[in-house]
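Contents: one structure, followed by commentary.
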Amino acid sequence: MQDAQKKYPTIPKIHPEDSREYTVLDIPNVILILILVIIFFLLITWPHLYEPENKSPYFKSPRAINLTNTQLAPISQKPSIDLVPQSPEELYQIAVELLKEAPDSEQFRQGVLLLQEAAEWGHANSQNYLGHLYYAGYGVKQDYERAAAYFYYAACQGHVYAQVNLGRLFYQGLGVPQKYEIAAQWYEIAADYGYSDAQFNLGVLYHSGHGVVQNYEIAAGLYLKAAQSGHPLAKTYLARMYEKGQGVTQSYSDAIKLYEEAAQQDEFMASYYLGLLYLNGLGVEKNYPKAIELFELASNKGHAGSQYMLADLYNFGQGTPRDAQKAAKLYELAAKQGNDKAQVALADLYILGQGVPKDASKAAELYERSAKQGNVLAQFNLAILYYSGLGVGQNFDRALEYFELAAKQGDPKSQINLAYMYETGQGAMQNLEKAALWYEEAAIQGEVVAQGTLGYLYLEGRGVEQNFELAAHWFEEAAIRGDVMSQYNLGNHYYQGIGVLQNYETAALWYEAAATNGLSLAQLSLGRLHVKGQGVMQNYETAAQWFIKAANQGEADAQFSLGIMHFKGLGVPLNYERAAEYFTEAATNGHANSQYYLGILYISGKGVVQDSDKALVLIQEAASQGHEAAISQLAAPGVY
């Protein structure tokens, strides 16, 4: 500190202890009068010479903040050493010795008072020292405003450490308003003197664009200056810029070299980032054991990010045997430090009962802590717990609240769930307009379920103005991504020419895509196209094959179609018994056409034993559903 202080100009100090004899020289009276005037001026103004001319509105003068330290207990005894200082520097030196004692000791309290006395005389080292004490609340009541005042008066005298300390207070907004631009000014003053901490801190501001115009090149240059002085964190940040190619040419080799240098200086952040490179094989060959070694170094120093990464490796058994218990312990260490990802991961273990006892309520607590930090996954998971009542009381209102928090951050799954709750009126008044808006937000992000649902809303005009073109658009977006129902619906649009130009060939393609994926409705529609020869070559045999697939899934229309084909011998042998079987299956499910044709078979006794009573019942059931042929059959005289 002494060496650093000598480099910088200080405000002249005049002390009452200074005894000077002024001899009147044999010079002209004018010069004599001038000297007397100067001496008189100095005697009057000396107390003010220690207060900088460029006072900031954010500071009170030392006198205004009562430097007598009324918060300290009165001194009950004098120190055993001689306290007859000849200068503020001696006061400072004596105080430093006293401050080596315990902070609750009498000697420490006297040391603080001596520092204050020296500080009043403008002693920069004393001012800076007091600033540290008040900043940390060490031996005195913590007082950021007072710390800022002391740092300020030392900084204005060129005290480089005080300049950096003052910059930090403006950066943090402690004791002074948070003013990044003022922090930058103080850092720059100290940086010009070559102080590496100031160069690094100023680099951080240029890196982030706080208080200055963001400039990666300047940031990198400042990091480089600090790194050349051996600053380990500056090496780490500069390595990060080489890794990303920010302000410098991207270079993993330069990044690795700097990370390794900083790691050798016990900079845990460097170990962490270097571990990530080995984990992902960036610039080096992927090496799980090396990554684990580096994460452990940083983890042992309490770095939450490394604890989380190490826990992940143990949790998923990457580069090490899977150990859920060890993972849980590491997640917990990071979670206690507020690492939101670790909180989510640990909560997941409590849900599954892996490495820790299954405890949904504990999981909910962890999700909530993470959710308050804005973690989207935590917000989503917590919403699910409230929706299902797992680990917490079922509460649709809270579920809606957390889905909305995550949805506003762009989480598509939360947007879908939120839309569904507005659509169904769970946790909020039913609001189809809001539902449509959230479905669209998720649909734009490529969420298939949202795209398909939005297609339905536009098709039916629910929550949005009916629009067949937009319905077809969203069905197509989902269909391309493999959504089976959207493939079928898009086939319908092309078959009917709704929202698109009618095109049987395209309809057949989309029906086939959905039919191949096992959708019975698409199998039925594709079978009909083959019967009619629309978009495909007419082929009863192929039609029958698709009808059989749909009929086996209980599709009544397909069962009826097969019955008709066997009744008429289309694509299959004419077979009244098989026709009766298919008609019966569909009729049992209330299919009116099948009821009518089965009734006709019972009238004629084809494929079944003739039974007029059964025929009458079946035809009446079909007629009750408005089946015109059945109604006409009942109205015809003498049928039975």
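Just so it is clear, the values below take in all heavy atoms, side chains as well, and ignore hydrogens, waters and symmetry mates. Everything numeric here is computed off the predicted structure, so don't read it as measured data. The residues of the chain are indexed from 1 along the displayed sequence.
- Put simply, the side chain of Phe380 reaches to within 4.5 Å of the side chain of Asn417, judged on heavy atoms.
- Defined by atom type and a distance below 3.5 Å, a donor-acceptor pair is present between the side-chain atoms of Tyr314 and Lys326.
- For Gln610 (side chain) and Ile603 (main-chain N/O), a donor-acceptor pair under 3.5 Å exists by modelled atom type.
- Remark: aromatic rings of Phe475 and Tyr456 are close, center separation under 6.0 Å.
- When all heavy atoms of Leu385 and Ala360 are compared, the pair lying nearest together is CD1-O, 4.3 Å.
- Using a 4.5 Å cut-off on side-chain heavy atoms (C-beta onward), Gln343 and Tyr331 make no contact.
- Between the side chain of Gln559 and the main chain of Phe583, no donor-acceptor pair closer than 3.5 Å is present.
- The closest donor-acceptor contact from the side chain of Gln538 to the backbone of Val531 lies under 3.5 Å.
- Residues Tyr458 and Gln466 fail the side-chain proximity criterion, which asks for heavy atoms closer than 4.5 Å.
- Rounding to the nearest 0.5 Å gives a distance of 13.5 Å between OG1 of Thr506 and NE2 of His493.
- For the pair Glu423 and Arg462, the salt-bridge criterion is met [side-chain N within less than 4.0 Å of a carboxylate O].
- Not less than 6.0 angstrom separates the ring centroid of His530 from the ring centroid of Tyr540.
- A distance of 5.0 Å separates CG in Leu310 from CG in Leu330, rounded to the nearest 0.5 Å.
- Side-chain atoms of Tyr367 and Asn375 form no donor-acceptor pair, as typed in the model, at a separation below 3.5 Å.
- Under the 3.5 Å distance criterion, with hydrogens and angles disregarded, a donor-acceptor pair is assigned to the side chains of Gln445 and Gln415.
- A donor atom on one side chain and an acceptor atom on the other are not found under 3.5 Å apart for Gln354 and Gln325.
- The pair Glu404-Lys408 meets the salt-bridge criterion, with a side-chain N (NZ, NE, NH1 or NH2) lying under 4.0 Å from an Asp/Glu carboxylate O.
- Using modelled atom types, one finds a donor on one side chain and an acceptor on the other under 3.5 Å when comparing Tyr511 with Asn492.
- Residues Arg528 and Asp557 are paired through a salt bridge, judged by an N-O separation under 4.0 Å between the basic side chain and the carboxylate.
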| query | Which is it for Glu477 and Arg481 under the salt bridge (Lys or Arg N to Asp or Glu O under 4.0 Å) test, yes or no, and what are the steps along the way? | reply | CA-CA 7 Å; Glu477 289 292 322; Arg481 290 171 173 80; 3.1 Å; yes
| task | Mind running side-chain hydrogen bond (donor to acceptor under 3.5 Å, both in side chains) on Gln595 and Gln625 for me, showing each step along the way? | result | CA-CA 10 Å; Gln595 291 168 341; Gln625 296 186 62; 3.0 Å; yes
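- With rounding to the nearest 0.5 angstrom, the CD atom of Gln553 is 9.0 Å from the CG atom of Leu521.
- Residues Phe403 and Met421 form a side-chain contact, since some pair of their non-hydrogen atoms from C-beta on lies under 4.5 Å apart.
- The minimum heavy-atom distance linking Tyr252 with Gly283 is given by the pair CB-CA, 3.6 Å.
- You'll find the side chain of Glu260 reaches within 4.5 Å of the side chain of Leu274, heavy atoms only.
- Between Leu400 and Tyr387, the closest side-chain pair of non-hydrogen atoms is not below 4.5 Å.
- Between Glu285 and Tyr278, the side chains place no donor N or O within less than 3.5 Å of an acceptor N or O (distance only, hydrogens not considered).
- Taking CD1 of Ile619 as the reference point, atom OG of Ser632 lies at 11.0 Å (rounded to 0.5 Å).
- With hydrogens and angles left out, the side-chain atoms of Gln246 and His207 include a donor and acceptor closer than 3.5 Å.
- If you take OG on Ser370 and CG on Leu382, they are separated by 9.5 Å, rounding to the nearest 0.5 Å.
- Side chains of Ser253 and Ser251: a donor-acceptor N/O pair is present below 3.5 angstrom, by distance only.
- The main-chain N or O of His566 is never found under 3.5 Å from a side-chain atom of Arg578 such that the two would form a donor-acceptor pair.
- To the nearest 0.5 angstrom, Phe268 atom CZ is 12.5 Å from Asn300 atom CG.
- Between Glu332 and Lys329 there is no salt bridge, since no side-chain nitrogen of the basic residue lies less than 4.0 Å from a carboxylate oxygen of the acidic one.
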| request: For ring pair (Phe, Tyr, Trp, His ring centres under 6.0 Å), just list the numbers for Phe396 and Tyr386, CA-CA rounded to whole Å, side-chain angles, deciding distance to a tenth of an Å, and then say yes or no. | output: CA-CA 6 Å; Phe396 290 138; Tyr386 275 113; over 10 Å; no
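- A donor-acceptor contact closer than 3.5 angstrom is absent between the side chains of Glu447 and Tyr439.
- In this structure, Asp483 contributes its side chain and Ala479 its backbone to no donor-acceptor pair below 3.5 Å.
- No hydrogens or angles considered: a donor-acceptor pair under 3.5 Å links the side chains of Tyr259 and Glu243.
- When every heavy atom of Ala342 is checked against every heavy atom of Ala334, the shortest pair comes out as CB-CB, 3.5 Å.
- At a threshold of 4.5 Å between non-hydrogen side-chain atoms, the residues Tyr495 and Asn503 do not count as touching.
- Residues Phe560 and Tyr597 approach most closely at CE1-CD1, 3.6 Å, considering heavy atoms.
- The side-chain heavy atoms of Lys341 and Asp312, taken from C-beta on, include no pair separated by under 4.5 Å.
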